[in-house]
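Taking it in order: structure first as structure tokens, then the write-up.
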Amino acid sequence: MGKTFDIGLGRLAGTSVSVSVPLNEAQDPPSKIEGGAPGTGEVKAAGLGDSPCATGAETFYLETFGCQMNEHDSEKVAGVLLARGYKQVESAESASVVLYNTCSIREKAAQKVFSRLGEYRFTQQEGQIIGVLGCVAQQEGEKIFSRAPWVSLVCGSASYRKLPQLLAQLEAGNRRVTGLETDTDETFETEVTRRDNPWRAYLTIIEGCDKACSYCVVPFTRGPERSRTSESILEEVRRLADAGYTEVQLLGQTVNSYADPSARKMRFSELLVAVAEVPGIRRVRFTTSHPRDFGKDIVDAIEAVPAICEHVHLPVQSGSTKVLRAMARTYTRGEYLEKVALLRVAKREISLTTDLIVGFPGETERDFEETLSLLDLAQYDGAFCFKYSPRPNTPSLKMDDAIPEEEKSRRLAILMEKQREIQRGRNERLIGQSFEVMVEGKSKKEHQWSGHTSSNKVMNFTSREQESLGDYVHVKVTAATPNSLVGEKIGMTEG
Ligand code: 5AD
Ligand code: SF4
């Protein structure tokens with residue numbers, strides 16, 4: 001199958017520093033089907049229980065583009081369809097339903113979807129349903145039907161709970177169906193989620209985004225912010241722990257803007273602690289944090305509770321206050337650096353990663369230099385670097401002073417090279433230290449294993465023993481590259 005399991009930061013593809021480590025076929029993490037009671041009472045009321053079932057012959061093929069939120073949405077979509085009697089298959093050719101969960105954050109990602117859809121124009125089987133899900137679906141809506149008339153289903157993330165009904169309508173003879181509401185205050189919770197990794201579970205705690213950064217399509221494609229109740233989150237974490245998961249990753253476009261809608265009004269930092277205290281949970285991660293809502297209470301929680309991972313992903317986007325203002329990021333360079341200072345004085349060493357955009361309209365050479373100098377100050381452990389990509393409906397689309405493509409490429413290359421050297425230095429400092437690593441993959445090379453540290457660094461290590469995937473081991477760092485650590489196992493860690 002030649003499958004790779006992304007063990008980088010697992011974020012949006014692009015010019016990032018994440019790495020994919022090949023896994024042996026035998027070592028592919030088996031996926032788990034998660035069942036049981038849905039997270040909240042509201043879920044049952046939402047009608048999933050009444051949705052139609054497949055006859056048993058239906059199969060689906062699901063391909064996912066984009067971010068972790070999309071990956072996790074796909075796990076839920078698969079869970080919903082499996083629970084309705086559909087079987088998942090590995091190739092589009094043999095599926096009765098082909099679904100693409102799409103990303104539109106940058107133009108390239110959106111184009112990729114249409115070129116993939118173009119391929120299916122010629123291979124579509126008689127009666128086969130082709131559906132577009134996710135951000136491109138939400139953004140383009142019914143226009144997809146005219147651009148790709150062989151598509152019969154278009155559904156954005158806020159409407160996934162309706163998928164079984166939409167498929168039933170198609171099977172009943174409707175030619176085209178859509179689910180495009182974004183103003184729902186429901187979050188997509190499912191009775192069953194088919195999780196791709198048996199030890200690490202993703203959990204969306206907040207959907208949508210209210211931040212309105214001037215370059216970003218997310219507020220349009222994923223709608224306004226909606227948080228799940230703390231009670232429903234904790235109930236799901238307890239179920240996950242009972243099912244053997246030891247790591248949970250809390251997801252949200254702005255995860256730390258979490259606002260508990262229940263009377264308990266748990267703060268995000270309190271939620272982190274409560275999740276970490278669930279028996280059986282050894283690691284809690286969270287992504288993505290917005291600098292405006294990032295406070296000392298989160299750092300205090302990381303400091304106090306070892307199970308909360310020592311890693312914060314805090315996108316800065318630009319080092320220039322002028323550009324940040326044009327981006328409507330709601331903080332200045334100085335305010336961002338104050339947040340970084342909170343992390344740097346913590347007793348635990350907390351790794352810091354970020355997202356950066358070069359070539360935003362009006363970005364001068366001086367602004368760009370401010371971004372470069374911010375890298376020196378922030379000393380990031382990783383950075384996802386992007387060229388600005390104009391997106392439909394966004395305020396920055398109409399801004400003057402577009403930066404030529406070649407200039408964007410030049411700035412991107414300089415930025416990445418600088419960050420690479422910073423990462424090299426940061427990782428080399430760790431040689432001689434030892435870290436707990438979750439064993440996540442076996443390399444084709446003999447005695448070579450891989451996993452992540454609590455700080456989310458990729459560790460490729462040697463062990464002559466037969467390791468069990470999902471175990472936690474101690475590894476001493478013997479060498480480092482800009483993107484990963486190299487080490488030797490020195491022992492097991494206690495559960
Ligand atoms: N152009 C380039 N990069 C973008 N991002 C979001 N929108 C755009 C855009 N229009 C980047 C930001 C964000 C990450 C998920 O994608 O850096 O943090
Ligand atoms: Fe987009 Fe800004 Fe919201 Fe992040 S915070 S999803 S960049 S609008």
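Quick note: numbers below take in every heavy atom, side chains included, and nothing from hydrogens, waters or symmetry partners. If you're wondering where the values come from, they're calculated on a predicted model, not measured in any experiment. As the structure lists them, so they are numbered: ligands from 1, and atoms in each ligand from 1.
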For the pair Glu370 and Lys322, find out whether any cationic side-chain nitrogen is under 4.0 Å from an anionic carboxylate oxygen.
no
Looking only at the side chains, is there a donor atom on one of Ser159 and Glu181 sitting less than 3.5 Å from an acceptor on the other?
yes
The protein heavy atom nearest to atom 7 (S) of ligand 2 is Tyr215 OH, 3.3 Å
Fit a plane to each ring of Tyr100 and Tyr61, take the angle between them on a 0 to 90° scale, and name the class: parallel (under 30°), tilted (30 to 60°) or perpendicular (over 60°).
perpendicular
Are any of the N/O atoms in Tyr388 less than 3.5 Å from those in ligand 1?
no
Without placing hydrogens or testing angles, list every side-chain donor-acceptor pair under 3.5 Å for residues 132-145, not counting sequence neighbours.
{"residue": "Gln138", "atom": "NE2", "partner": "Leu180", "partner atom": "O", "Å": "2.6"}
{"residue": "Gln139", "atom": "OE1", "partner": "Ser104", "partner atom": "OG", "Å": "3.0"}

Is a side-chain N or O of Arg226 found less than 3.5 angstrom from the main chain of Pro224, in a donor-acceptor match?
yes
Taking distance alone, with no angle check, do Arg391 and ligand 1 share an N/O pair under 3.5 Å?
no
Numbered in order shown, the ligand 1 atoms found under 4.0 Å of a heavy atom of Arg106 are 1 (N), 2 (C), 3 (N), 4 (C), 5 (N), 11 (C), 16 (O)
Give the numbers and elements of all ligand 1 atoms closer than 4.0 Å to a heavy atom of Lys387.
1 (N), 2 (C)
Logged contact type for Tyr215 with ligand 1, heavy-atom cut-off 4.0 Å, is both
What protein N, O or S atoms come within a distance below 2.8 Å of atom 3 (Fe) of ligand 2, ordered by chain and number?
Cys209 SG
State the atoms of ligand 1, each with its element, that fall below the 4.0 Å cut-off from a heavy-atom position in Gln317.
12 (C), 13 (C), 17 (O), 18 (O)
Let me have the donor-acceptor pairs involving side chains of residues 293-300, under 3.5 Å, with sequence neighbours excluded, atom names and distances please.
{"residue": "Asp293", "atom": "OD2", "partner": "Lys211", "partner atom": "NZ", "Å": "3.3"}
{"residue": "Asp293", "atom": "OD2", "partner": "Ser257", "partner atom": "OG", "Å": "2.6"}
{"residue": "Lys296", "atom": "NZ", "partner": "Asp300", "partner atom": "OD1", "Å": "3.0"}
{"residue": "Lys296", "atom": "NZ", "partner": "Asp300", "partner atom": "OD2", "Å": "3.2"}
{"residue": "Asp297", "atom": "OD2", "partner": "Arg267", "partner atom": "NH2", "Å": "3.1"}
{"residue": "Asp297", "atom": "OD2", "partner": "Ser269", "partner atom": "OG", "Å": "2.7"}

Could you check whether atom NZ of Lys265 has more than 12 heavy atoms from other residues, nucleotides or ligands sitting under 6.0 Å from it?
yes
Using a 4.0 Å heavy-atom cut-off, say whether Ile357 meets ligand 1 through its side chain, its backbone, both or neither.
side chain
Heavy atom to atom 4 (Fe) of ligand 2, shortest distance: which of Arg391, Gln317, Arg329 holds it?
Arg329
SB check Arg238 Glu235 (cutoff 4.0 Å)
no
If the plane angle is over 60° it's perpendicular, under 30° parallel, otherwise tilted; pick one for Phe286 and Phe268.
perpendicular
Please list all pairs passing the salt bridge (charged side-chain N to carboxylate O under 4.0 Å, His left out) test where one or both residues lie in residues 396-409, with sequence neighbours left out.
Lys387-Glu405, Glu405-Lys408, Glu407-Arg410, Glu407-Arg411
